[in-house]
Colleague: 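Handing you a structure now.
Below, each value reflects all heavy atoms present in this structure, side chains not excepted, and no hydrogens, waters or symmetry copies. Values in this document were obtained by computation on a predicted structure and should not be read as measured data.
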Amino acid sequence: MKLTPGPNDLRIVNRGMGIDLPRSVEAVGGAMASLSIVFPPGILEINAMPWATVDVDGVEIGKTPLAKVELSPGRHEVVFSHPKFGQRKTSVTIKSGKPQRLSVDLRRRGR
């Protein structure tokens, strides 16, 4: 994107991920400018009935219930595992700065 020389106010928006960040950048004529953006994580609360070991994006994060799991905005694969009830895979889209809950009942197949 070409900017006019001097201060420029920008807004980085992705409504699907809950991102709406105002930023300012100083443009110098003919030079490249870069802007580093760190998106705030979202918070996921995870539960399962009766209980489960949980992997997020292939990394084990613990046993349910899990509170305040910080994840980067975007889509994540969540796998619930229980010795009697097997595995359940699902995905969740995390929104920046927003809390979300994910719960499964492993006793019910396909739900």
Colleague: Could you check if a side-chain atom of Leu71 sits within less than 4.5 angstrom of a side-chain atom of Pro41, using non-hydrogen atoms only?
Modeller: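 They are not in contact (no side-chain heavy atoms under 4.5 Å apart), so the answer is no.
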Colleague: Under 3.5 Å, is there a donor-acceptor pair between the side chain of Thr90 and the main chain of Val78?
Modeller: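 No; zero donor-acceptor contacts below 3.5 Å.
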Colleague: Measure the spacing between CE of Met49 and CZ of Phe80 and express it to the nearest 0.5 Å.
Modeller: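 So the CE of Met49 and the CZ of Phe80 are separated by 12.5 Å.
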Colleague: Could you tell me whether a side-chain N or O of Ser96 sits under 3.5 Å from a main-chain N or O of Pro40, the two making a donor and an acceptor?
Modeller: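 Yes, the answer is positive, given that a donor and an acceptor are paired below the 3.5 Å cut-off.
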Colleague: Donor-acceptor pair, distance only, cut-off 3.5 Å: does the side chain of Asp9 make one with the backbone of Ser24?
Modeller: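 Here the side-chain-to-backbone pair does not exist.
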Colleague: Please check if atom CZ in Arg23 has more than 12 non-hydrogen atoms from other residues, nucleotides or ligands closer than 6.0 Å.
Modeller: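 Yes, CZ of Arg23 has more than 12 neighbouring heavy atoms, counting only those of other groups under 6.0 Å.
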Colleague: Hey, quick one: are Val28 and Val25 part of the same hydrophobic cluster, counting side-chain heavy atoms closer than 4.5 Å, chains of contacts allowed?
Modeller: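 Looking at the clustering, Val25 is in a separate group from Val28.
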Colleague: Can you tell me how far apart CD1 (Ile19) and NZ (Lys98) are? Round to the nearest 0.5 Å.
Modeller: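 Here the rounded value is 11.0 Å.
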Colleague: Do you know the tightest heavy-atom contact between Glu45 and Lys68?
Modeller: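 Where Glu45 meets Lys68 most closely, the heavy atoms are CG-N, 4.1 Å.
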Colleague: Could you tell me the separation between the OG1 atom of Thr53 and the NE2 atom of His82, rounded to the nearest 0.5 Å?
Modeller: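 Answer rounded to 0.5 Å: 8.5 Å.
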Colleague: Could you point out which residue of Ile43, Ile61, Val54 forms a side-chain contact (heavy atoms from CB on, under 4.5 Å) with Val69?
Modeller: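 For Val69, the side-chain contact (heavy atoms from CB on, under 4.5 Å) test succeeds with only one of Ile43, Ile61, Val54, which is Ile61.
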Colleague: With respect to Gln87, which candidate in Val79, Leu106, Asp55 satisfies the side-chain contact (heavy atoms from CB on, under 4.5 Å) definition?
Modeller: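 The option that passes is Val79.
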Colleague: Once rounded to the nearest 0.5 Å, what's the spacing between atom CD1 of Ile46 and atom NZ of Lys63?
Modeller: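 Atom-to-atom, Ile46:CD1 and Lys63:NZ are 15.0 Å apart.
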Colleague: To the nearest 0.5 Å, how far apart are CG in Leu3 and CD in Glu26?
Modeller: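 The CG atom of Leu3 sits 10.5 Å away from the CD atom of Glu26.
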Colleague: Which atom names give the shortest non-hydrogen contact between Trp51 and Thr64, and what distance separates them?
Modeller: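 The pair with the smallest heavy-atom distance is CA-OG1, 3.4 Å.
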Colleague: Please tell me if the side chains of Gln100 and Ile94 come closer than 4.5 Å, counting only heavy atoms from C-beta onward.
Modeller: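 SC-SC contact between Gln100 and Ile94 confirmed.
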Colleague: Please report the closest heavy-atom contact between Gly97 and Pro99, naming both atoms and the distance.
Modeller: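 Looking at all heavy atoms of both residues, the closest pair is O-CD, 4.0 Å.
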